[in-house]
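Take a look at the structure set out below.
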2 protein chains.
Amino acid sequence: MLDFAVLGLLMERARHGYELKRALGELGFWKVSFGSLYPALRRLEKRGAISAVSGTGRRKAYQITDEGLKIFDTLLKADPDASETERAFQIRLAFLGHLPRERRVQVLEGRRTKLSTNLKSAREILIDARSNTENQDRYRLALMEHAMATTESDIAWLDGLVAAERGVASQN
Amino acid sequence: MLDFAVLGLLMERARHGYELKRALGELGFWKVSFGSLYPALRRLEKRGAISAVSGTGRRKAYQITDEGLKIFDTLLKADPDASETERAFQIRLAFLGHLPRERRVQVLEGRRTKLSTNLKSAREILIDARSNTENQDRYRLALMEHAMATTESDIAWLDGLVAAERGVASQN
DNA sequence: GACGTATATATCGAATCGATATAGACTGGT
DNA sequence: ACCAGTCTATATCGATTCGATATATACGTC
């Protein structure tokens with residue numbers, strides 16, 4: 001998924017490693033390490049998805065190639081499987097604008113469904129935990145409750161995004 | 001940190017691997033993989049922190065040893081360094097009840113401070129992104145905004161936990 | 001022009017993931 | 001009684017990612 005993210009960022013313009021790391025961090029959910037990023041760049045270069053265009057000083061800027069564009073497109077269009085991670089979803093979301101509206105809504109609703117399912121089982125687990133004398137630890141319960149509240153808020157946020165897509169019929 | 005979590009769960013009672021995986025997942029934040037868990041169990045066994053007590057059928061239940069108790073205690077009391085992960089904090093929180101109230105409040109407030117700092121820089125980045133013609137992508141901005149909102153809600157939650165600690169003077 | 005700080009690339013070992021293999025235990029249907 | 005299917009459970013593999021550290025360049029400032 002890091003490869004997907006890197007390609008997505010390079011779609012806009014050429015960037016060097018450090019800049020990619022910063023950009024990913026600024027999206028707010030992934031402080032990727034150098035130990036992940038630089039190997040990823042070499043991986044992508046070896047696959048012919050990106051190519052180095054030397055920058056000032058020590059910098060090595062990379063630009064996406066035609067092959068890279070093809071790979072990005074494939075990853076973008078692949079429909080997210082059920083086991084997709086929180087992080088994978090967020091990366092997908094960061095580049096969702098590249099998909100047509102109809103597909104965007106599909107992705108958002110797929111995620112919504114998954115979170116709803118998670119929430120339902122979390123509720124059951126919580127009820128169980130509360131009625132279980134052994135699991136009465138205050139902080140454990142607080143963690144579970146907070147995780148649920150966060151999921152609920154995520155769902156509401158997704159609903160907002162879907163509503164925005166449906167409301168703005170003139171776009172795309 | 002997985003070692004810490006495993007030891008913490010084994011503090012209550014002996015458990016086998018599958019059960020530990022389930023219990024960690026039910027806390028709501030970590031669906032640990034078998035590829036992490038089983039090696040971790042062997043790691044801990046080799047260190048003498050846990051010992052196998054055979055269960056029914058294929059099960060291998062583990063119990064915490066005296067050495068394990070010592071290790072858990074050390075990890076529990078170590079003050080969380082600034083670079084501590086979201087996940088590491090949550091594990092710490094799950095076992096926070098083992099610390100005296102004064103220390104619990106310290107841990108919560110330390111986390112609060114860190115989140116506040118994150119939030120401040122996120123705000124700056126967002127302002128920057130909005131005034132940057134290049135970064136106008138709707139979904140990117142939505143991601144950043146949602147991440148901020150989630151952090152704000154996390155802070156409020158921490159405040160609630162601290163208030164609960166301070167309010168209940170009779171406990172511990 | 002020396003000094004400290006921010007920028008930038010690189011690499012190592014260890015932890016973790018995701019997928020897969022294997023097999024025992026329980027359940028329901030015939 | 002037996003077989004099929006599903007759930008439980010342990011184990012292992014290769015690839016990814018992390019966290020720490022090393023090193024070098026650019027830049028401001030005194």
Side-chain angles (χ1 to χ4, degrees), chain A residues 1-7 9 14-27 29-47 49-62 75 78 80-91 121, chain B residues 1-7 9 14-26 29-47 49-62 75 78 80-91 121 124:
Chain A
M1 268 296 162
L2 177 50
D3 299 36
F4 181 39
V6 166
L7 292 176
L9 288 172
R15 287 175 147 107
H16 54 88
Y18 200 84
E19 207 179 348
L20 286 165
K21 177 174 154 64
R22 194 178 339 108
L24 283 171
E26 287 180 356
L27 286 178
F29 54 85
W30 194 5
K31 308 232 175 269
V32 69
S33 70
F34 293 124
S36 307
L37 186 58
Y38 287 111
L41 289 175
R42 243 161 291 151
R43 220 157 50 219
L44 286 167
E45 197 173 19
K46 198 146 71 179
R47 283 179 73 186
I50 62 175
S51 70
V53 294
S54 68
T56 44
R58 245 192 148 215
R59 295 180 187 179
K60 262 200 309 196
Y62 291 91
L75 292 171
D81 84 356
S83 71
E84 193 173 76
T85 293
E86 168 80 1
R87 186 137 81 204
F89 171 72
Q90 286 172 324
I91 294 170
S121 76
Chain B
M1 265 299 161
L2 177 52
D3 298 36
F4 181 40
V6 167
L7 291 175
L9 288 172
R15 287 174 147 108
H16 54 89
Y18 199 85
E19 207 179 349
L20 286 164
K21 177 172 155 63
R22 193 176 343 108
L24 283 171
E26 288 180 355
F29 55 85
W30 194 6
K31 309 233 176 268
V32 70
S33 69
F34 293 125
S36 308
L37 186 58
Y38 287 112
L41 288 175
R42 243 160 291 153
R43 220 156 52 219
L44 285 167
E45 196 172 21
K46 197 145 75 177
R47 283 179 74 187
I50 62 176
S51 70
V53 294
S54 68
T56 43
R58 238 184 155 224
R59 296 180 187 179
K60 262 200 308 194
Y62 291 91
L75 292 171
D81 85 355
S83 70
E84 193 172 75
T85 292
E86 168 80 1
R87 186 139 81 202
F89 170 72
Q90 287 173 324
I91 294 170
S121 76
E124 283 162 15

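Predicted, not measured: the structure shown is a model, and the values here were computed from it. Letters A, B, ... are given to chains in the order of the sequence lines, protein chains preceding strands, and every chain is numbered from 1.
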Qualifying residues under salt bridge (charged side-chain N to carboxylate O under 4.0 Å, His left out), relative to Glu86(B), sequence neighbours excluded: Arg111(B)
What is the distance from [atom1] of [X] to [atom2] of [N], rounded to the nearest Å?
| X | N | atom1 | atom2 | value |
| --- | --- | --- | --- | --- |
| Arg15(B) | dT10(D) | CZ | P | 13 Å |
| Leu37(B) | dT10(D) | CG | P | 9 Å |
| Leu44(A) | dT16(D) | CG | P | 10 Å |

Under 3.5 Å, sequence neighbours excluded: what are the donor-acceptor pairs made by side chains of residues 29-38 of chain B?
unit_1   : atom_1 : unit_2   : atom_2 : d
Ser33(B) : OG     : Ser36(B) : N      : 3.4
Ser33(B) : OG     : Ser36(B) : OG     : 3.0

Partners passing ring pair (Phe, Tyr, Trp, His ring centres under 6.0 Å) against Phe4(A) (at least two apart in sequence or in another chain): Phe72(A), Phe95(A)
Salt bridge (Lys or Arg N to Asp or Glu O under 4.0 Å) contacts in which one or both residues fall within residues 33-44 of chain A, not counting sequence neighbours: Asp3(A)-Arg43(A)
B/S/- contact track for nucleotides 7-17 of chain C, protein heavy atom under 4.0 Å: SBBBBB---SB
Which residues share a side-chain hydrogen bond (donor to acceptor under 3.5 Å, both in side chains) with Ser121(A), sequence neighbours left out: none
